[in-house]
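Since the structure comes first, as structure tokens, the remarks are kept for the end.
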Protein chains: 2
Amino acid sequence: MATEKPATPMGTVSFRLGLLGVAQDALYSARLTDLDLKPKHVALLCVLRLHGAESQMELARLLGVAPSLVVLLADHLEGLGALHRVRDPADRRRQSLRLTDAGLRLLESATEVAAQLDREIVAGLPAAERAALSNALDRLLPPRAR
Amino acid sequence: MATEKPATPMGTVSFRLGLLGVAQDALYSARLTDLDLKPKHVALLCVLRLHGAESQMELARLLGVAPSLVVLLADHLEGLGALHRVRDPADRRRQSLRLTDAGLRLLESATEVAAQLDREIVAGLPAAERAALSNALDRLLPPRAR
DNA sequence: TATTGTTATACTCTATAACTATA
DNA sequence: TATAGTTATAGAGTATAACAATA
């Protein structure tokens, strides 16, 4: 009684995961407009908060995006006062990005927005299924993103 | 022991769902290049196969995209011989999109690509968790997309 | 006048490539 | 010469608005 051969991609987990995730991303993005953030900015803040990063290059690798995009994301966040760039004295080519207190508060606000989505969206799921979903996401997310 | 207040959006289901889903969509898109399709084309084919649709407008509503995008998607699929447009004789403004045999075979190929991703991706999940994930996706996907 | 499909246009996102400063 | 960061440019994707045909 495992998965039978599905008739369409809608019968697969990966396709439905893509559909739902893309919709989720768009919804979160819409809810972030008041904070003047996009999900990618939030991802960058998360990495800084949870890992820290030695350089923008490392950040690009961790986020899985081009280094040039990190520049734009960091520019925007710096403009919001959420972080500042500090030159590495040992290698002046490098800049470390450091969260400010305002950045931490911004991240907290973004967290609350996501938590609200959770309440709206997983409200319909039984507790066991919600936990299983959360576990599955943990396992499937590429380690670099965690 | 329910969900404690998460410290970052990474602690929420919705944010991780967005990250994973967007990555999934990109991966599926990359695997579809040989078929000359994008996930949105596949979604359109799925809707035609599973529901049928009376008009392109209805399709736009079901897919949650702008009508002008349905035109482009259908143009491409028509160019591949996957469907043809037939004018509704009762209302000549409307065009019904009908899957051809080639379209059905194309959808089967796209299904196999997604099934292969499933094998690669959910391979690491215990059966119970996989089933729970599949169930959760079913419940969370907006009904229009199913 | 309202609706379907289409076309034209513009905007967002992000990558690639070129460039600067530092090593 | 190689690397970190930046800037310039280009392409993909998709929405909005204008338009044509039909009702």
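In what follows, every heavy atom counts, from backbone to side chain, and hydrogens, waters and symmetry copies are set aside. Numbered from 1 within each chain, the chains take letters A, B, ... in sequence-line order.
Considering only side-chain atoms of B:A66, the nucleotide from C:dT4, D:dT14, D:dT16 that sits closest is D:dT16. Distance from the side chain of B:K38 is smallest to D:dG13 among C:dA15, D:dG5, D:dG13. Taking the side chain of A:V71 as heavy atoms from C-beta on, and the options C:dT6, D:dA4, D:dT6, the nearest nucleotide is D:dT6. Of the candidate nucleotides C:dA23, D:dG5, C:dT6, C:dA23 has the atom lying nearest to any side-chain atom of A:R93. When distances are taken from the side chain of B:D91 to each of C:dT14, D:dA23, D:dG5, the shortest belongs to D:dA23. In this structure, of D:dG5, C:dA23, D:dA15, it is D:dG5 that holds the atom nearest to the side chain of A:R94.
Side-chain to base pairing of A:S68 with C:dT14: no donor and acceptor N or O lie closer than 3.5 Å to each other. Below the 3.5 angstrom threshold, one finds no donor paired with an acceptor across the side chain of B:R92 and the base of D:dT22.
Residues B:L59 and B:V65 have side chains not in contact (no heavy-atom distance under 4.5 Å, counting atoms from C-beta outward). Side-chain atoms of A:K38 and A:V42, non-hydrogen and from C-beta on, never get closer than 4.5 Å to each other.
Going from atom CG of B:L32 over to atom P of D:dA12 covers 17 Å, rounded to whole Å. Following rounding to the nearest Å, B:M57 (CE) and D:dA21 (C1') show an atom-to-atom distance of 14 Å. The separation between A:L97 atom CG and D:dT6 atom C1' is 13 Å, rounded to whole Å. Whole-Å rounding puts the A:L72 CG to D:dG5 P distance at 14 Å. Here D:dT14 presents its C1' atom at 15 Å from CG of B:D75, a figure rounded to the nearest Å. In this structure, CG of A:L69 is placed 15 Å from C1' of D:dA8, rounded to the nearest angstrom. One interatomic measurement links the two molecules: CD of A:Q56 to C1' of D:dT7, which rounds to 13 Å at whole-angstrom precision. Between A:L44 atom CG and C:dC13 atom C1' the separation is 16 Å, expressed in whole Å.
Contact between the side-chain N/O atoms of B:R85 and the OP1/OP2 oxygens of C:dT6 is found at a separation under 4.0 Å. Distances shown here put every side-chain N or O of A:K40 at or beyond 4.0 Å from the OP1 or OP2 atom of C:dC13.
With hydrophobic clusters built from ILVMFWY side chains whose heavy atoms lie under 4.5 angstrom apart, B:L80 shares a cluster with B:L99.
Between A:L117 and B:S14, the closest heavy-atom pair is CB-OG, 3.7 Å.
Sequence order on DNA chain D of the closest nucleotides to A:E58 and B:A90 puts A:E58 first from the 5' end. Mapped onto DNA chain C by nearest heavy atom, A:S29 and A:D88 fall at different nucleotides, with A:S29 at the one closer to the 5' end.
For the side chain to side chain contact (heavy atoms under 4.5 Å, CB included) with B:L48, the qualifying choice from B:L107, B:L83, B:L62 is B:L83, the only one to do so.
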